[in-house]
Amino acid sequence: LPSPGDGWSGEFVGAAARFASDLKGLQQQTGQLSEAELQEKRREAADKPGWGKEYLNIQDGEAKDWSFNKYVDCCCVTFVETGVGGEELCEGGRDMSVNIDTLDEFVENAAYWWLREGIAPQVTAFRQGAEDVCASQAVWAFEAAELSQLFCGGHVEWTAEELRAQLRPKGGLDASDLDMLIDVLVELSPERRGQFLDFVTACPRLLPGGLASTEIGVTPANPPGSLPRARTCTKEFRLPKYKDKNELMEKLLTAMDNAEGLYDDDRMS
């Protein structure tokens, strides 16, 4: 489900689902409660200030201090696709308010829409497209994971030897700087490796053909100690000089986390 921070519209849906899950844990946390006592606990949680910050990750403004009840009331949240707009999740959904008593029903309907009914046309179109391209029935002999790897590439895995063989030093790059970069790249987690590929090539996966298919060039950059930059159109990684591997690791992570799609930019210096 779309959640705060993932860049999708409808982040309220994910926040509401997490809140509903936390409320279901109240029984386990507080022991055996009567239905009336449990409902009272739910209402207390719904009135508790700070829901906007805790569940929607709102950091500024009044909304971060709003309770669940105030948020759904002020935003007029109803049984629609994102809570505030989109397709109705059920008949008459636009006229059905989301509150602590209807929260579970909203989450159930939203999950069905986002994960099944709402994407059915896209899934059907994708399947039809795949059948048009792959006329042979042999394609259905592959598992979903195998097709995903064929079409989208696999997990980002590499060794120091593979990096040394496939990275392309240019512009008089010192061998010691390349070795330092390789040491850092080997230490990255699979998620960070994908982030590095996205930073340099605009694709977070290794395509069929592995690292050799990326053709990443590494060139020296100035000033020393500045953040590394990348030019995705040419798959070029620009590497300033650093005192040691720790400094390179710190600068690389900072650059990747704050690139915002503009990797070859004065703000990255």
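Numbers here are sequence positions counted from 1.
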Which side-chain N or O atoms in residues 99-108 pair as donor and acceptor under 3.5 Å with protein atoms at least two apart or in another chain?
{"residue": "Asn99", "atom": "OD1", "partner": "Asp101", "partner atom": "N", "Å": "2.9"}
{"residue": "Asn99", "atom": "OD1", "partner": "Thr102", "partner atom": "N", "Å": "3.0"}
{"residue": "Asn99", "atom": "OD1", "partner": "Thr102", "partner atom": "OG1", "Å": "3.3"}
{"residue": "Thr102", "atom": "OG1", "partner": "Ser97", "partner atom": "O", "Å": "3.1"}
{"residue": "Thr102", "atom": "OG1", "partner": "Asn99", "partner atom": "N", "Å": "2.9"}
{"residue": "Thr102", "atom": "OG1", "partner": "Asn99", "partner atom": "O", "Å": "3.4"}

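No single ILVMFWY cluster, assembled from side-chain heavy atoms under 4.5 Å apart, contains both Phe12 and Val80. No path of Ile, Leu, Val, Met, Phe, Trp and Tyr side chains, each step under 4.5 Å between heavy atoms, connects Trp113 with Ile119, placing them in separate hydrophobic clusters. In the hydrophobic clustering of this structure, Tyr112 does not group with Met96; members are Ile, Leu, Val, Met, Phe, Trp, Tyr whose side-chain heavy atoms approach within less than 4.5 Å, directly or through other members.
Using a cutoff of 4.0 Å between basic side-chain nitrogens and carboxylate oxygens, Asp132 and Arg127 are not scored as salt-bridged. Between Arg238 and Glu236 there is a salt bridge, with a side-chain nitrogen of the basic residue lying less than 4.0 Å from a carboxylate oxygen of the acidic one.
Across all non-hydrogen atoms, the minimal contact from Ser67 to Ala46 is CB-O, 3.3 Å. The two residues Phe199 and Ala230 come nearest to each other via the heavy atoms O-CB, 3.3 Å. Between Pro2 and Gly10 the shortest heavy-atom distance is CG-O, 3.2 Å. The nearest pair of heavy atoms linking Pro228 to Ala255 is O-CB, 3.7 Å. The minimum heavy-atom distance between Leu211 and Trp158, with the atom names listed, is CD1-CE3, 3.8 Å. Taking all atoms of both residues into account, the shortest heavy-atom contact from Lys245 to Val184 is CG-CG2, 3.3 Å.
At a threshold of 4.5 Å between non-hydrogen side-chain atoms, the residues Ser226 and Pro240 count as touching. Thr78 places none of its side-chain heavy atoms less than 4.5 Å from the side chain of Leu89. Contact annotation: the side chain of Leu167 never approaches that of Thr214 to less than 4.5 Å [non-hydrogen atoms, C-beta and beyond]. The shortest distance between side-chain heavy atoms of Leu173 and Thr219 does not fall below 4.5 Å. Between Trp114 and Val13 there is a side-chain heavy-atom pair separated by less than 4.5 Å. Looking only at side-chain heavy atoms (C-beta outward), Ile182 and Leu163 come within less than 4.5 Å of each other. Within the 4.5 Å cutoff, the side chain of Pro49 has no heavy atoms near those of the Trp66 side chain. Using a 4.5 Å cut-off on side-chain heavy atoms (C-beta onward), Val156 and Leu197 make contact.
Summarising the local packing, NZ of Lys53 is surrounded by 12 or fewer heavy atoms from other residues, nucleotides or ligands at distances under 6.0 Å. In the displayed structure, Glu143 atom CD is contacted under 6.0 Å by at most 12 heavy atoms of other residues, nucleotides or ligands.
Between the side chain of Thr254 and the backbone N or O of Glu250, at least one donor-acceptor pair lies under 3.5 Å. Arg229 places no side-chain N or O within 3.5 Å of a backbone atom of Ala221 that could act as its donor or acceptor partner. Checking side-chain atoms of Asp198 against main-chain N and O of Gly194 turns up no donor-acceptor pair under 3.5 Å. Looking only at distances, a side-chain donor or acceptor of Glu247 sits under 3.5 Å from a matching main-chain atom of Lys243. A donor-acceptor pair is defined here as one N or O able to donate and one able to accept, closer than 3.5 Å; such a pair exists between the side chain of Ser3 and the backbone of Leu1. Using a distance-only test at 3.5 Å, with no hydrogens or angles considered, no donor-acceptor pair links the side chain of Asp174 to the main chain of Asp177. Side-chain atoms of Arg205 do not come within 3.5 Å of backbone N or O of Cys203 as any donor-acceptor pair.
For Phe237, the ring-ring contact (aromatic ring centres under 6.0 Å, His included) partners two or more places apart in sequence, or in a different chain, are Phe196. With sequence neighbours excluded, no residue forms a salt bridge (Lys or Arg N to Asp or Glu O under 4.0 Å) with Glu157. The ring-ring contact (aromatic ring centres under 6.0 Å, His included) test applied to Tyr242 returns no partner, not counting sequence neighbours.
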**Q.** Stepwise salt bridge (charged side-chain N to carboxylate O under 4.0 Å, His left out) check, Arg192 with Glu187
**A.** CA-CA 9 Å; Arg192 286 292 194 180; Glu187 293 182 8; over 6 Å; no
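Using a 3.5 Å distance cut-off with no hydrogens or angles, the side chains of Asp257 and Gln195 do pair a donor with an acceptor.
For residues 60-87, no pair satisfies salt bridge (charged side-chain N to carboxylate O under 4.0 Å, His left out), with sequence neighbours left out. Screening residues 213-225 for salt bridge (charged side-chain N to carboxylate O under 4.0 Å, His left out) gives Arg168-Glu215 as the qualifying pairs, with residues at least two apart or on separate chains.
Taking NZ from Lys251 and CG from Leu239, the interatomic distance works out to 12.5 Å, rounded to the nearest 0.5 Å.
A distance of 6.0 Å or more separates the ring centres of Phe68 and Tyr55.
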